[in-house]
Amino acid sequence: MNNAAISPGRWPLAVPLTLAFMVFFAAPLLMLAVTSMYEDDGLTRFGGATWAKFLADRFYWKVTLDTLKLGVMTVCATLLIGYPLAVVYMQSNERWRRLMLFIIIMPVLLSVVVRTFAWIVILGNEGVINQAVMALGLSPTPLRLLQTELGLILSLTQIEMPMMLLPLISVMARMDRNLIDASVALGASRWRTLFKVVLPLSIPGLVAGCTLVFASSTTAFISQSIIGGNRLVYLPLVIWQQSLVVYNWPLAAVASIVLLASVMLCVVLIAALGRRGARYLHV
Amino acid sequence: MKHDPVRRQLLAGAASLGALAMLPRIAHAKGSVVGAVYPGSWEEAYRSIVAPALQKTHGVTLEMQPLYAVDQIAKARAARGNPLFDTFLLDPGPRVTAIEAGLFEKFDPSRLSNASKLQPGMADEYGVTVAAQFVGIAYNPKKFDKPPADWADLFAEPYVSRLGLTGFQTTFGTVSILEMSKAFGAKGIDVEPFFAELKKVLPKIAVIGAPASMPSLFQQGQCDIMYANTQTVGTLKARGVDIEFVRPASGVITFFTTMHIAKGAEQVDNAYQYIDTVLSAPVQTELMKGPYFMAPVASDVTLDNTLPLKSLSEMSSMVQHDWAQINPQRAAWIERFNREVAR
């Protein structure tokens, strides 16, 4: 790829996008920051009281940590199931790859609302999982899956899976097969080849997948509130309640910035871990 | 620079697309009204019943903006006098918020030919009532030996371990909790007795969920008792769900859905014709039937026997709440509810 700087005559081409970015992204973000600096919901008194209220409250810290924990758990679950699938994809021939890609993309074509409500049917007391558990005699009563963190992570794993798999398989499909063959020819076992050759080479895809799944699951308001219910309080619920039900825009803005900043911090951490991992694995 | 014919065609195409985008506003000027309508069954009902009636009677086209009450207020506040729609459709809480924020044009009930058919107080300088909602207890008759009698029963066995509870974020949730609190000894608008009882039974409650998910959770057997309006009960029953509406001993709660003209609305005359159409007897009668089950407010409508009243005048004896008192406390209640129920 040509990484040379854009020639001077072409920079005007970037103007429309830059302008759109300024108007539709940077300006609203600035407005969000300004709104968070008001102390009352009528937006009349300027000051840091809303921030102080949020940061001094242990409940909001717990909500923030729970939100990030949900993201980490979903990333782990999608990774655990998604990575082996990506390895299988890499080893498959073109026909199987096309079929697998179709199966991976299919859920994306359905609205997330539909997928979420489908999970109510699957996880419910009379749902598929509980019917199977009871028919096999594993439990005399239905397991409580809906309105629990476990149920939420289960459904988010399926809902977010394409976000993990698509970057992962696009990186792995481009991987040079000769490197794997060379590793095997040099006497490395299959596992050693997987950890020393395949894994390091797939790190860009892993980082992209983890980032997408983390950002998407921490902000998945619909799934969180429908599957998780109101006993699991996450930041998107707080933002929705404060902005749309009680019109306390400053508090909603503070919660939004906290969500944005903490998710960004984690995304940077994931990228840093990816770089370190690549170095470590190459040694 | 050499002009590429393909690029020229593309530019021309883009320009004509841009011109097309302006067309709806032209159509708008000829005889339409943009009405905010709740998404889901309200939107469907208004599309299939109100829109054709308005077109037929007044030649006005109804364009709908599917928005919940809270979203309408948020959008109108953000638009600052240049609203995205001509009429609001609101529940009492958001109605009071909108009045305080000055989001309505002054309303003149005398411009409606159907205003005289409404109960006293249903039309004023802010807007007009277009539908009533009746809130009580909904339960699955196959899961309990006898129906619950009053609000306090929801926190007692056998009901509490099958209860689906929602918080203060909706109108029906807020008024139901206020009535439960009264059943536990509250005087007036006080939610402390409710929270004190909630603490005792919290681990037993089957579901504490998002309001929008409650009908699905009931249908899936996650909970067998909840507070609900007659509309939800009617809709679920029509789908074959085992559900019955119970009038609590302390009385059925009623609140009104109202329409208002947005400040700065472009099509005020059409907006009055639209509202008048909604209040006309044929439209109110159709909206009352399944699958919509919207309780009418016009006195010349013959009431369906699924509704918990024989005559509209009974509404004045039903339980009603003062939202001017509720609104200032609601933010604190919502926050408190989050803290009390969070795991």
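Residue numbers start from 1 in every chain, and the chains themselves are labelled A, B, ... in the order their sequence lines are given, proteins ahead of strands.
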Visitor: Does the distance from a Lys or Arg side-chain N to an Asp or Glu carboxylate O, for B:E335 and A:K53, drop under 4.0 Å?
Guide: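 Judged by the 4.0 Å cut-off on N to carboxylate O distance, B:E335 and A:K53 do form a salt bridge.
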Visitor: Can you say whether B:T97 sits under 4.5 Å from chain A via the side chain, the backbone, both, or neither, judging by heavy atoms?
Guide: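 Contact with chain A: side chain only.
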Visitor: What part of B:L202 is in contact with chain A, defined as an atom under 4.5 angstrom from a non-hydrogen atom: side chain, backbone, both or neither?
Guide: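 It is both, since atoms from each part get that close.
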Visitor: Please state whether the side chain, the backbone, both or neither of A:E126 comes within less than 4.5 Å of a heavy atom of chain B.
Guide: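 Both parts, backbone and side chain.
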Visitor: Which label fits B:F168 and B:F195: parallel for a plane angle under 30°, tilted from 30 to 60°, or perpendicular past 60°?
Guide: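 Plane angle between 30° and 60°, so tilted.
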Visitor: Let me know if B:A206 has heavy atoms under 4.5 Å from chain A in its side chain, its backbone, both or neither.
Guide: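 It is the backbone, since no side chain atom gets that close.
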Visitor: Non-hydrogen atoms of chain B under 4.5 Å away: do they reach the side chain of A:V233, the backbone, both or neither?
Guide: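 Side chain of A:V233 only, per the 4.5 Å heavy-atom cut-off to chain B.
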Visitor: Where do B:F255 and B:F172 land on the ring pair (Phe, Tyr, Trp, His ring centres under 6.0 Å) test, with the steps shown first?
Guide: CA-CA 9 Å; B:F255 61 84; B:F172 77 92; 8.0 Å; no
Visitor: For chain B, which candidate among A:F117, A:W249, A:Y247 shows the most heavy-atom pairs at distances under 4.5 Å?
Guide: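 Of the candidates given, the most pairs with chain B belong to A:Y247.
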Visitor: Among A:N125, A:L146, A:V63, A:V238, single out the residue with the greatest number of heavy-atom pairs under 4.5 Å to chain B.
Guide: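 Between A:N125, A:L146, A:V63, A:V238, the count favours A:N125.
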Visitor: Which one of A:N248, A:D57, A:D41 has the most heavy-atom pairs closer than 4.5 Å to chain B?
Guide: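 Most heavy-atom pairs within the cutoff with chain B belong to A:D57.
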Visitor: Tell me, for A:L232 versus chain B, whether the close heavy atoms (under 4.5 Å) come from the side chain, the backbone, both or neither.
Guide: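 Answer is side chain: those atoms of A:L232 sit under 4.5 Å from chain B.
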Visitor: What's the verdict on side chain to side chain contact (heavy atoms under 4.5 Å, CB included) for B:F104 and B:L90, showing C-alpha distance, side-chain angles and the deciding distance?
Guide: CA-CA 12 Å; B:F104 300 151; B:L90 298 175; 3.6 Å; yes
Visitor: What residue, out of A:R144, A:K62, A:Q242, has the most heavy-atom pairs lying under 4.5 Å from chain B?
Guide: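 Option with the top pair count is A:R144.
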Visitor: State plainly whether the residues A:K69 and A:E149 are in salt-bridge range, i.e. N to O under 4.0 Å.
Guide: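 Yes.
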Visitor: Given a strict heavy-atom distance threshold of 4.5 Å, which part of A:Y60 is in contact with chain B: side chain, backbone, both, or neither?
Guide: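 Just the side chain, heavy atoms under 4.5 Å.
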Visitor: Looking at B:R336 and B:E192, is any side-chain nitrogen of the basic one under 4.0 Å from a carboxylate oxygen of the acidic one?
Guide: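 Looking at B:E192 and B:R336, the cut-off is met.
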Visitor: Between B:K200 and B:E197, does any side-chain N to carboxylate O distance fall below 4.0 Å?
Guide: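 Yes, B:K200 and B:E197 are salt-bridged.
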Visitor: Taking atom OH of B:Y159 as the centre, does the number of heavy atoms from other residues, nucleotides or ligands within less than 6.0 Å exceed 12?
Guide: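 Yes, the 6.0 Å shell around OH holds more than 12 heavy atoms from other groups.
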